[in-house]
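The structure under discussion appears below in the form of C-alpha cells.
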Number of protein chains: 2
Amino acid sequence: MLGEFEYLLITAAAGLGDKAYGAAIREEIEESTGRKCSIGALYTTIDRLETKGLLKTWMSDATPQRGGRAKRMVRVTPEGVLAAKSFYDAVIRVSRGASWVANRNGSSL
Amino acid sequence: MLGEFEYLLITAAAGLGDKAYGAAIREEIEESTGRKCSIGALYTTIDRLETKGLLKTWMSDATPQRGGRAKRMVRVTPEGVLAAKSFYDAVIRVSRGASWVANRNGSSL
DNA sequence: TGATTAGCATCACAATGTGACTCTAATCAT
DNA sequence: ATGATTAGAGTCACATTGTGATGCTAATCA
C-alpha cells in the first residue's frame, strides 16, 4: 500500500495537472500540510513511484527565465490514481466510527 | 507524523476500547482492511507507539481458556487520539478536490 | 565574467513495516 | 501425568520508505 508521503505526493501532482513538476509539487505539499517537504523525500519518492508505475516523468525544455532550468514534469498514471483512491478509501473505511471523525449523519459508504 | 499502519493500529485499538489487546487488534485490522496484518508489524508498532506515548499497554491476568495466555492490553492515550485525529484531518484536507474523492456537496472542513 | 537564481540529483542515514520462528502456560485427551 | 493442542506474546534480521545536507547545471543579470 502507499505510504503517507507517497499519497501526499500523488495528490499534489494530480491537483497541479499540467503544471506538476518537482519544485511546484513541493510547494503544493508544504502549503496543504503546513509542514516542510524535504528535497530528498521529494525526489526519492518520485523515483520510487515512477518505478512502481504510479507516476510518469520526463524533462521539459528549459524555460526562459533567470535560472530557468529544465523541469522534471510529472504526470500521475491511471494506476497512480487507483492507488491513491484505494489509500483514501482505506483511511475512510477504517476510520468509520472513530471518535475523531466528524460523524455527519448518514455516513455513506 | 503517524505512518499509515500506526494510524490503522490506533484506530483499531480505539474502536475495541476495553477489549483491545494484541490479537484482537490484529483481527480488527484484518477485517477492516481485508489485508493480512503481520505479527511483526503488530508488536513492533505497538512498542513504538507506546514509546511515543500514544498508547499505554499492560499485561492482563491469564484468562481461564484453553491456551488462555496473559494478554497485552492496549489503551490509546489522549495524545494518541490527537495524533490520529491530526493524521485523519491531514488526509482529508489534502484530498480536498482530488478526483477520487466523492465530492458530496457541502464538504465541511 | 562572475554573482544570482530555479531547479534537479545523490548519498548516507533514520524511521517504519514485515514474516518466519520461537516461547509460554493453559487446557484436553489418553 | 504426559504429550498434543491452543491463544497469545516476543524477537530478529531484513525490506521499504522518509530525510537533509550538499552539490550540480544552465540560464539570466549587472
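FYI, side chains are in, hydrogens and waters are out, and symmetry mates aren't considered; it's all heavy atoms of this structure.
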Are Glu6(B) and Leu49(B) packed together at the side-chain level, in the sense that at least one heavy-atom pair is separated by less than 4.5 angstrom?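 When only atoms from C-beta onward are counted, Leu49(B) and Glu6(B) do touch, with a gap below 4.5 Å.
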
With [X], which residues qualify under side chain to side chain donor-acceptor pair (under 3.5 Å), at least two apart?
X: Lys71(A); value: none
X: Thr77(A); value: Glu79(A)
X: Lys56(A); value: none
X: Asp61(B); value: none

Please list all pairs passing the salt bridge (Lys or Arg N to Asp or Glu O under 4.0 Å) test where one or both residues lie in residues 40-51 of chain B, with sequence neighbours left out.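 Every pair satisfying salt bridge (Lys or Arg N to Asp or Glu O under 4.0 Å) with a residue in residues 40-51 of chain B: Asp47(B)-Arg72(B), Glu50(B)-Arg72(B).
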
Taking only residues two or more places apart in sequence, or in another chain, which ones meet Phe5(B) in a ring pair (Phe, Tyr, Trp, His ring centres under 6.0 Å)?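 For Phe5(B), no residue satisfies ring pair (Phe, Tyr, Trp, His ring centres under 6.0 Å) once neighbours in sequence are set aside.
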
For Phe87(B), all residues meeting ring pair (Phe, Tyr, Trp, His ring centres under 6.0 Å), sequence neighbours excluded: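 Per chain and number, Phe87(B) pairs via ring pair (Phe, Tyr, Trp, His ring centres under 6.0 Å) with Tyr7(B).
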
Protein heavy-atom contacts under 4.0 Å, written 5' to 3' over nucleotides 17-25 of chain C as B (base), S (sugar-phosphate only) or - (none), form the string BBBB--BB-

Expressed in angstrom and rounded to an integer, what is the separation of [X] atom [atom1] from [N] atom [atom2]?
X: Ile29(A); N: dG18(D); atom1: CD1; atom2: P; answer: 11 Å
X: Gln65(A); N: dC29(D); atom1: CD; atom2: P; answer: 10 Å
X: Met59(A); N: dA26(D); atom1: CE; atom2: P; answer: 11 Å

Close approaches to DNA chain C from residues 71-78 of chain B, in residue order (heavy atom, under 4.0 Å):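 Nothing qualifies; none.
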
Positions of residues 18-26 of chain A (non-hydrogen atom under 4.0 Å from DNA chain C), listed by number: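 Those residues whose heavy atoms fall under 4.0 Å from DNA chain C, taken from residues 18-26 of chain A in numerical order, are Tyr21(A), Gly22(A), Ala23(A).
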
If you look only at distance, which donor and acceptor atoms sit under 3.5 Å apart when one is on a side chain in residues 19-30 of chain A and the other is two or more places apart or in another chain?
unit_1   : atom_1 : unit_2   : atom_2 : d
Arg26(A) : NE     : Cys37(A) : O      : 2.7
Arg26(A) : NH2    : Cys37(A) : O      : 3.3
Glu30(A) : OE2    : Cys37(A) : N      : 2.8

Other than Leu82(A), what residues sit in its cluster of Ile, Leu, Val, Met, Phe, Trp and Tyr side chains whose heavy atoms are under 4.5 Å apart, directly or through others?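 Under the 4.5 Å side-chain rule, Leu82(A) groups with nothing.
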
Could you tell me which nucleotide pairs with dT11(D) by Watson-Crick or G-U wobble geometry, both distances under 3.5 Å, or answer none if nothing does?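 Check on dT11(D): paired to dA20(C), both distances under 3.5 Å.
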
Can you tell me if Tyr43(B) touches the phosphate of dG10(D), counting only side-chain N or O atoms and a distance under 4.0 Å to OP1 or OP2?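 Looking at the OP1 and OP2 atoms of dG10(D), neither is under 4.0 Å from any side-chain N or O of Tyr43(B).
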
